[in-house]
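For reference, the structure is listed below as structure tokens.
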Amino acid sequence: MRTLQVATPGYYGHDAVLWLDSERVLFHITAKSSLGGDPAYRENGWRGALAVLDLRTGACAPVANTRDSTMLRVAGRYLNDVLVTEWGGGGVRGHWFYDPGTWQRRPAPLPRGRAFSSPAGAVVILLGAVMDSVDAILVTASDTLKLGRVSQGDQPAFSPRGRRGALRTSRGVIVFERR
């Protein structure tokens, strides 16, 4: 076991979220100041960003950033990309596919909600809240399937290759798989 001190100047909150390969780990980080350089303290930071730690070199560098008052949440691998949700005070602003080689992004045409993606290309989205539960849908290619109501804090689990998933709903545990 080895311990690395991970620091990215101008950011804090290095939370590991996804192994990109055997040598690179993707992290959520939070900016300490505004894009304009205002160093005033904000409880939740100024904006969210993503950084990659390269275990070969020990370097940790930002790879994706947003405008102030916007956060990024990694939903998971999606085929050869990383699906990321962008959100702010008003909720989800949109979803993006990031290429983990170049970190260029393109829009992900998905319904607004909390997203979870699988390496095989399935996405479960938890839609708007009603009391303590939400509607969950499964999106694959051009198909959308309603899975049922789930508790707001629940999330799906995907198999290692992402071809299967499971989610506890109000009707019981639903297992879905790619054919």
Side-chain angles (χ1 to χ4, degrees), residues 12-21 24-30 42-52 63-64 66-100 105-179:
Y12 62 89
H14 289 72
D15 300 322
V17 291
L18 184 68
W19 281 86
L20 298 168
D21 53 41
R24 297 180 308 144
V25 183
L26 185 62
F27 285 81
H28 286 144
I29 59 176
T30 304
R42 286 180 68 179
E43 182 79 19
N44 295 323
W46 283 90
R47 66 190 172 286
L50 302 176
V52 172
V63 292
T66 61
R67 61 186 182 265
D68 287 335
S69 301
T70 302
M71 298 295 176
L72 298 176
R73 183 188 164 279
V74 173
R77 281 294 227 174
Y78 181 90
L79 302 173
N80 294 321
D81 293 319
V82 176
L83 178 61
V84 175
T85 301
E86 183 178 292
W87 56 275
V92 173
R93 293 183 176 158
H95 302 284
W96 301 91
F97 292 122
Y98 281 85
D99 177 326
R105 72 180 194 172
R106 66 187 191 288
L110 295 168
R112 291 181 187 241
R114 206 166 113 219
F116 301 89
S117 62
S118 83
V123 179
V124 171
I125 298 181
L126 305 184
L127 302 171
V130 175
M131 300 295 285
D132 62 348
S133 65
V134 297
D135 284 322
I137 60 172
L138 173 66
V139 180
T140 57
S142 61
D143 296 327
T144 300
L145 175 67
K146 186 173 180 176
L147 298 175
R149 303 283 299 168
V150 301
S151 295
Q152 272 190 9
D154 286 353
Q155 63 186 47
F158 293 102
S159 64
R161 294 181 193 249
R163 297 181 66 80
R164 289 183 171 174
L167 179 65
R168 182 176 57 95
T169 71
S170 59
R171 299 186 313 228
V173 174
I174 293 181
V175 177
F176 43 92
E177 64 184 302
R178 186 175 183 183
R179 293 182 184 237

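Numbering of residues begins at 1 and proceeds along the displayed sequence. Just so it is clear, the model here is predicted, and its values are computed rather than measured.
Annotation for Arg47 and Arg67: closest pair CB-O, 3.4 Å, computed over non-hydrogen atoms. Of all non-hydrogen atoms in Val139 and Pro111, the two that sit nearest each other are CG2-CD, 4.5 Å. Of all the heavy atoms in Ile29 and Leu50, the pair that sits closest is CG1-N, 4.2 Å. The shortest non-hydrogen separation linking Pro160 to Pro119 is O-CG, 3.8 Å. Nearest heavy-atom pair, Gly162 versus Ala120, reported as atom, atom and distance to 0.1 Å: O-CB, 3.2 Å. In terms of heavy-atom proximity, Trp46 sits nearest to Thr30 at N-CG2, 4.3 Å.
To the nearest 0.5 angstrom, Glu86 atom CD is 6.5 Å from Trp96 atom CH2. Remark: Met71 CE to His28 NE2 distance equals 10.5 Å, nearest 0.5 Å. Rounding to the nearest 0.5 angstrom, the gap separating the CG atom in Leu26 from the CG atom in Leu72 is 10.0 Å. The line from CZ of Arg77 to CZ of Arg161 is 14.0 Å long, rounded to the nearest 0.5 Å. Here the CZ-CZ distance, from Arg24 to Phe27, works out to 13.0 Å after rounding to the nearest 0.5 Å. Separating the CG atom in Asp154 from the CZ atom in Arg149 is a distance of 12.0 Å, to the nearest 0.5 Å.
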Run the numbers on Asp81 and Arg106 for side chain to side chain contact (heavy atoms under 4.5 Å, CB included), then give the verdict.
CA-CA 10 Å; Asp81 293 319; Arg106 66 187 191 288; 2.7 Å; yes

Show your working on side chain to side chain contact (heavy atoms under 4.5 Å, CB included) between Leu145 and Thr140 and close with a plain yes or no.
CA-CA 9 Å; Leu145 175 67; Thr140 57; over 6 Å; no

Check step by step if side chain to side chain contact (heavy atoms under 4.5 Å, CB included) holds for Glu177 and Ser159.
CA-CA 9 Å; Glu177 64 184 302; Ser159 64; over 6 Å; no

Are Tyr78 and Tyr98 close enough, and set up right, to give a side chain to side chain contact (heavy atoms under 4.5 Å, CB included), and what steps lead you there?
CA-CA 9 Å; Tyr78 181 90; Tyr98 281 85; over 6 Å; no

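In this structure, the side chain of Arg171 engages the main chain of Leu147 through a donor-acceptor pair within 3.5 Å. In this structure a side-chain-to-backbone donor-acceptor pair under 3.5 Å is missing from Arg168 to Ser151.
The environment of Arg164 atom CZ is sparse: at most 12 non-hydrogen atoms of other residues, nucleotides or ligands sit within 6.0 angstrom. Heavy-atom contacts from other residues, nucleotides or ligands closer than 6.0 Å to CG of Asn80 number 12 or fewer.
In summary, of the residues considered (Thr85, Leu167, Leu83, Leu126), a side chain to side chain contact (heavy atoms under 4.5 Å, CB included) with Phe116 occurs for Leu126 alone.
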